[in-house]
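Bear in mind that the values here come from a model prediction, so they are computed numbers and not experimental data.
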Number of protein chains: 2
Amino acid sequence: MYIETLKKELKERKYRMTPQRELVLKVFMEHDAEHLGADDVYRILFSKKHSVSKATVYRTIDLLVEFGFLRRLEFGEGIYRYELAKKDKLHHHFVCKICGKIYEIKESYLENLKNSLENQGFVFENFDLKIYGICPKCARKSKKNPLRRK
Amino acid sequence: MYIETLKKELKERKYRMTPQRELVLKVFMEHDAEHLGADDVYRILFSKKHSVSKATVYRTIDLLVEFGFLRRLEFGEGIYRYELAKKDKLHHHFVCKICGKIYEIKESYLENLKNSLENQGFVFENFDLKIYGICPKCARKSKKNPLRRK
DNA sequence: TTGATTGCAAAAGCTTTGCAGGGAA
DNA sequence: TTCCCTGCAAAGCTTTTGCAATCAA
């Protein structure tokens, strides 16, 4: 369980468990695969009457990233988003430029690329693959109703 | 030649060629593969006594992205960087977490992934693959002089 | 001439930081 | 009790925008 692991890791590094840290981590657990940004987290907590200041949300997120609970993502919006880092599940993101939905792509053809680079002496740490395009749903729609050119 | 192409495209869309637009595009041509940010461009021009305002640098970069001359990149620094978009040369980026150098990776194993997704109905537009790790140079160095743990 | 483009400064986001008070261990 | 953590407000950065003056076509 994430909360228990966090408690343990905090103790190991002489940090303290606080209600705020638990609340922030829980938000990510309850909104798994939603790619929340700091402001989203703040607003979710605020709407539940759990007031955690924005500064604390930012600081807690940084801590959770550092501890490996969260993975930081960017989708070209000018903000950072985060997702629970389940290390066993390597996946990538397909961003639909029409509906904005983000699909998680589980294919792992990248293993080949990884092997090739490792043969060249590179050491792998982390991938970040984003694919931009049109998702099947929107592609079907635009076949029926093609967008007009400006 | 990029400048001529830009002139032509601007004319087609009833935009105007200006010294500023030419200067900004030239900076990218002269600093190919350096992944400049807007501020870098501004400072390069400033140091050459070509004063182009920051606002214009930003606006011109946006225009060049829209026209397909530049590709926008993010490396988790909180700023956008750009590179000349040579459409024929699909490549990815390996960011060394030690020296910070960005290597361009030319492998195209991603073709497989692309084909697989296209079979599922996704329409491709653009890739953005970043790989974080340690480059061969730094990996060799740290073998000789391993970093101390904190 | 005409309206797109520039420069300046102000504004707008997102994120970080300083500091004093509060709270976990 | 100790000193880590929080909240608040201010500050920091990058990027965007409003507006009058300028300049390309």
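- One interatomic measurement links the two molecules: CD1 of Ile61(B) to P of dT5(C), which rounds to 16 Å at whole-angstrom precision.
- When the side chain to side chain donor-acceptor pair (under 3.5 Å) test is applied to Ser53(A), the partners found at least two apart in sequence or on another chain are Thr56(A).
- Following rounding to the nearest Å, Leu64(B) (CG) and dT5(C) (P) show an atom-to-atom distance of 12 Å.
- In the hydrophobic clustering, Ile79(A) connects to no other residue, as no ILVMFWY side-chain heavy atoms lie under 4.5 Å from its own.
- Lys54(B) meets the salt bridge (Lys or Arg N to Asp or Glu O under 4.0 Å) test with Asp39(B); sequence neighbours excluded.
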Taking only N/O atoms, report every protein-nucleotides 21-25 of chain D pair under 3.5 Å with atom names and distance.
from, atom 1, to, atom 2, distance (Å)
dA24(D), O3', Met17(B), O, 3.1
dA24(D), N3, Arg16(B), NH1, 3.3
dA25(D), OP1, Met17(B), N, 3.3

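- Phosphate contact (OP1/OP2 of dT6(D), side-chain N/O of Ser53(A), threshold under 4.0 Å): absent.
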Measure all distances between protein nitrogen or oxygen atoms and nitrogen or oxygen atoms of nucleotides 13-16 of chain D, and list the pairs falling under 3.5 Å.
from, atom 1, to, atom 2, distance (Å)
dT15(D), OP1, Tyr80(B), N, 2.8
dT15(D), OP2, Tyr58(B), OH, 2.5
dT15(D), O5', Tyr58(B), OH, 3.4

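- With sequence neighbours excluded, no residue forms a side chain to side chain donor-acceptor pair (under 3.5 Å) with Thr60(A).
- Within the hydrophobic cluster formed by Ile, Leu, Val, Met, Phe, Trp and Tyr side chains joined at under 4.5 Å, directly or through other members, Tyr132(A) is accompanied by Leu73(A), Phe75(A), Val95(A), Ile102(A).
- Annotation: side-chain contact (heavy atoms from CB on, under 4.5 Å) contacts of Glu30(B) (sequence neighbours excluded): Lys26(B), Lys48(B).
- As rounded to whole Å, 19 Å separates atom P of dA4(C) from atom CD of Glu9(B).
- Following chains of ILVMFWY side-chain contacts shorter than 4.5 Å, one can reach Leu23(B) starting from Leu63(B), so the two form part of one hydrophobic cluster.
- Taking only side-chain nitrogens and oxygens, Gln20(A) comes nearer than 4.0 Å to OP1 or OP2 of dG7(D).
- Atoms CD (Glu22(A)) and C1' (dG23(C)) sit 16 Å apart, rounded to a whole Å.
- Residue-environment remark: CZ (Phe46(A)) stays at or below the threshold of 12 foreign heavy atoms within 6.0 Å.
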Can you give the donor-acceptor pairs under 3.5 Å from side chains of residues 12-20 of chain A to other protein atoms, not counting sequence neighbours?
from, atom 1, to, atom 2, distance (Å)
Thr18(A), OG1, Arg21(A), N, 3.2

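- Atom P of nucleotide dA24(C) and atom NZ of Lys14(A) are separated by 19 Å, given to the nearest angstrom.
- Partners of Glu77(B) according to the salt bridge (Lys or Arg N to Asp or Glu O under 4.0 Å) rule, which considers only residues two or more places apart in sequence or in another chain, are Arg81(B).
- Nucleic acid contact for Arg59(A): base, since at least one base atom lies under 4.0 Å from a heavy atom of the residue.
- Between the CD atom of Glu66(A) and the P atom of dC5(D) there is a distance of 11 Å, rounded to whole Å.
- Look at CG on Leu23(A): it is 11 Å from P on dT6(D), rounded to the nearest Å.
- Comparing the end axes of the helix from dT1(C)-dA25(D) to dA25(C)-dT1(D), each fitted to five base pairs by superposing C1' atoms of four pairs onto the next four, gives an inter-axis angle of 40° (nearest 10 degrees).
- Evaluation of the ring-ring contact (aromatic ring centres under 6.0 Å, His included) rule for Phe122(A) yields Phe94(B), Tyr103(B) as partners, not counting sequence neighbours.
- Nucleotide dT15(C) holds its P atom 10 Å from the CD atom of Glu74(A), rounded to whole Å.
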